[in-house]
Amino acid sequence: MQHAPAARPSPAPVRRLPPGTPTRPLPADATASHHAATGPLLAAALAAVLALTASACVGGGRGTEGPVGPVPPTAQSPAVLPSAELPPALTRGQARAALVGADDLGEAWEPTRGAATWRDELLKATAERPDCRRLLDVLYTEELFGTGAATAPRATAALDDVDGGAQLHYRVTSYRAADLDRTLAWLGTLPDACGRFEARDARGATRDVRVADLTLPQAGDDRRGLRVTVGDPAPDDGEDTRTETGADTRTDTGGGVLTVDLVAVRVGDDAISLTNGTLGTPADDATRTSVEVGADRLTEARRQGRAQV
C-alpha cells in the first residue's frame, strides 16, 4: 500500500509594510550571525582594494598624484651628474672684494683702455708640442683653469701701465682645490717641457718662445709663476743670447720682445690668476704686489663669507 506524499508547506507570503512603518532591529543573536557571515567577505574585499591601490601607486599610472614615500633617483650619465665635491663658490661681491686695483700698483696704472695690440700679434700662435700649444692658448685666452661654466672667473680686473706700456689682467676663480693644484703642478713642468720652442702664427711667421720659473712671494696655500718671452727666431748657430740676469740681447725686427708673467695662487678652493705683459722691461713689483695684496684680500673675502653663512 502506497502512502501519499506528505504535503509540502507553502512558502509564507511576504508581508509588505506600509510606507513609513518603522522596522524593528534584528535580535542580538541574528545580528551576531549576520556579522559572522559577512566579516570575512568584507575583509577580503578591503584587502583587494588595498592591493589594487598600492599597485597603482607603485606603477605611477595616469591620474595618480605621485608616488608615496621615497623614490630612488633616476639613473643619469656621469657626464651630467653634479659633483658632490664641488665647493660653494664665492659670491661675485666677495670675489670683487679680492681684486687689485690701480691704486694698489702706483700712479702709472689705470683701468685698461682695451686689449694690447701685442696680444694678437705675438700670442695668437700655435706649437707642435701639446703642452707648449696649451701654454700659448692660456696666455692668449687667459682661461688657465678651463673654459667650462664651473671654472668661469667670479671677478676680473684689467689695468694698464700708461708709462711702460704694460697690461695686467687679474682673475678670481672658485673650483676644487685638487683641480687647482693639478693646474699649478702643470705650470711647474713647463720650464722643462717648454723651456724653449718655436711658435707659428696664422701667417706662418715663426717666433722663438722661452719659458722660465718666476720667483713669487710666499702667499696663499700654493703658488706658481712663469716668465715667458716671445720674440723673433734666434740665430741658427745655437748661441745663447741671454745674459746672466736673464735679459735677452737679441735684436728683432718685429717691434720688440714680449715678456709675460703668468701667475696662479691658490687660497683654499679659490684661486688668483694673472698675466702681466709688456714689450718693454717688465715691472717685477707690479706682479709681486698683485700676488701679495690679492692673496690677502682673497683670504679675507673667504673669512667673511664663512662668517656670513
Legend entry - Validation row: Arg207, Asp232 side chains within 4.5 angstrom (heavy atoms): yes
Legend entry - Qualifying residues under side chain to side chain donor-acceptor pair (under 3.5 Å), relative to Arg119, sequence neighbours excluded: Glu142
Legend entry - Asp222: partners by side chain to side chain donor-acceptor pair (under 3.5 Å), with sequence neighbours left out: none
Inset, instruction - Check Leu180 against Gly268 and note the closest heavy-atom contact, atom names and distance. - result: CD1-O, 4.2 Å
Inset, instruction - Mind checking salt bridge (charged side-chain N to carboxylate O under 4.0 Å, His left out) for Arg129 and listing every partner two or more places apart, or none if nothing turns up? - result: none
Inset, instruction - Under the side chain to side chain donor-acceptor pair (under 3.5 Å) rule, collect the residues that match up with Asp131, sequence neighbours excluded. - result: Trp186
Inset, instruction - List, by chain and then residue number, the residues other than Leu90 in its hydrophobic cluster (Ile/Leu/Val/Met/Phe/Trp/Tyr, side-chain heavy atoms under 4.5 Å); write none if there are no others. - result: Leu99, Val100, Leu105, Trp109, Leu159, Leu168, Tyr170, Val172, Leu214, Leu216, Val263, Val265, Val267, Ile272, Leu274, Val291, Val293, Leu298
Legend entry - Under 3.5 Å donor-acceptor, Thr151 side chain and Gly148 backbone: yes
Inset, instruction - Quick one: pull up CG in Leu123 and OG1 in Thr141 and give me the separation to the nearest 0.5 Å. - result: 10.0 Å
Inset, instruction - Sequence neighbours left out, what passes salt bridge (charged side-chain N to carboxylate O under 4.0 Å, His left out) with Arg171? Give chain and number order. - result: Glu143
Legend entry - Heavy-atom check, side chain of Thr259 versus side chain of Leu279, under 4.5 Å: no
Inset, instruction - Please collect all side chain to side chain donor-acceptor pair (under 3.5 Å) contacts where either partner lies in residues 155-167, sequence neighbours excluded, each pair once. - result: Thr112-Asp160, Thr112-Gln167, Asp160-Gln167, Gln167-His169
Legend entry - Nearest atoms (heavy-atom pairs only) where Asp208 meets Arg196: OD1-NE, 3.3 Å
Legend entry - Contact summary for Ala271 and Phe145, nearest pair of heavy atoms: CB-CZ, 3.7 Å
Legend entry - Expected output: side-chain Asp269 to main-chain Ala177 donor-acceptor under 3.5 Å: yes
Legend entry - Nearest heavy atoms of Thr206 and Pro233, plus distance in Å: OG1-CG, 3.1 Å
Legend entry - Chi angles and distances behind the side-chain contact (heavy atoms from CB on, under 4.5 Å) call for Val230, Val257: CA-CA 6 Å; Val230 183; Val257 174; over 6 Å; no
Legend entry - Within-4.5 Å side-chain heavy-atom neighbours: Val260 and Asn276: no
Inset, instruction - Could you pull out all residues at least two apart from Asp201 that satisfy salt bridge (charged side-chain N to carboxylate O under 4.0 Å, His left out)? - result: Arg203
Inset, instruction - Can you run down the disulfide bond (SG atoms under 2.5 Å apart) pairs that involve residues 156-202, sequence neighbours left out, and say none if there aren't any? - result: Cys132-Cys194
Inset, instruction - Before accepting this row, confirm whether a basic side-chain N of the pair Glu121/Lys124 lies closer than 4.0 Å to the acidic partner's carboxylate O. - result: no
Legend entry - Derivation of the side-chain contact (heavy atoms from CB on, under 4.5 Å) call for Val211 and Leu135: CA-CA 10 Å; Val211 182; Leu135 172 61; 3.6 Å; yes
Legend entry - Minimum-distance pair of heavy atoms, taken over all atoms of Ala127 and Arg133: O-NH1, 2.7 Å
Legend entry - Donor-acceptor pair, side chain of Glu292 and main chain of Thr289, under 3.5 angstrom: no
Inset, instruction - Examine distances only and state if a side-chain atom of Arg227 and a backbone atom of Asp261 form a donor-acceptor pair shorter than 3.5 Å. - result: no
Inset, instruction - List for me each residue that meets salt bridge (charged side-chain N to carboxylate O under 4.0 Å, His left out) alongside Asp181, sequence neighbours excluded, and say none if there are none. - result: Arg266
Legend entry - salt bridge (Lys or Arg N to Asp or Glu O under 4.0 Å) contacts touching residues 90-108 (sequence neighbours left out): Asp104-Arg297
Inset, instruction - Using distance alone, with no hydrogens and no angle criterion, decide if Tyr175 and Asp270 have a side-chain donor and acceptor under 3.5 Å apart. - result: no
Inset, instruction - Answer whether the closest heavy-atom distance between the side chains of Asp120 and Tyr140 falls below 4.5 Å. - result: yes
Legend entry - Side chains of Leu226 and Leu187 in contact at under 4.5 Å (non-hydrogen atoms): yes
Inset, instruction - Search all heavy atoms of Gly164 against all heavy atoms of Thr278 and return the closest pair with its distance. - result: O-OG1, 3.5 Å
Inset, instruction - Could I get the full list of side chain to side chain donor-acceptor pair (under 3.5 Å) partners for Glu300, not counting sequence neighbours? - result: Arg303, Gln304
Inset, instruction - Any chance you could lay out the side-chain contact (heavy atoms from CB on, under 4.5 Å) test for Leu262 and Val138, step after step, and finish with the verdict? - result: CA-CA 9 Å; Leu262 173 62; Val138 166; 4.2 Å; yes
Legend entry - Worked verdict on Arg223 versus Gln218 for side-chain contact (heavy atoms from CB on, under 4.5 Å): CA-CA 8 Å; Arg223 70 215 63 82; Gln218 294 293 317; 3.4 Å; yes
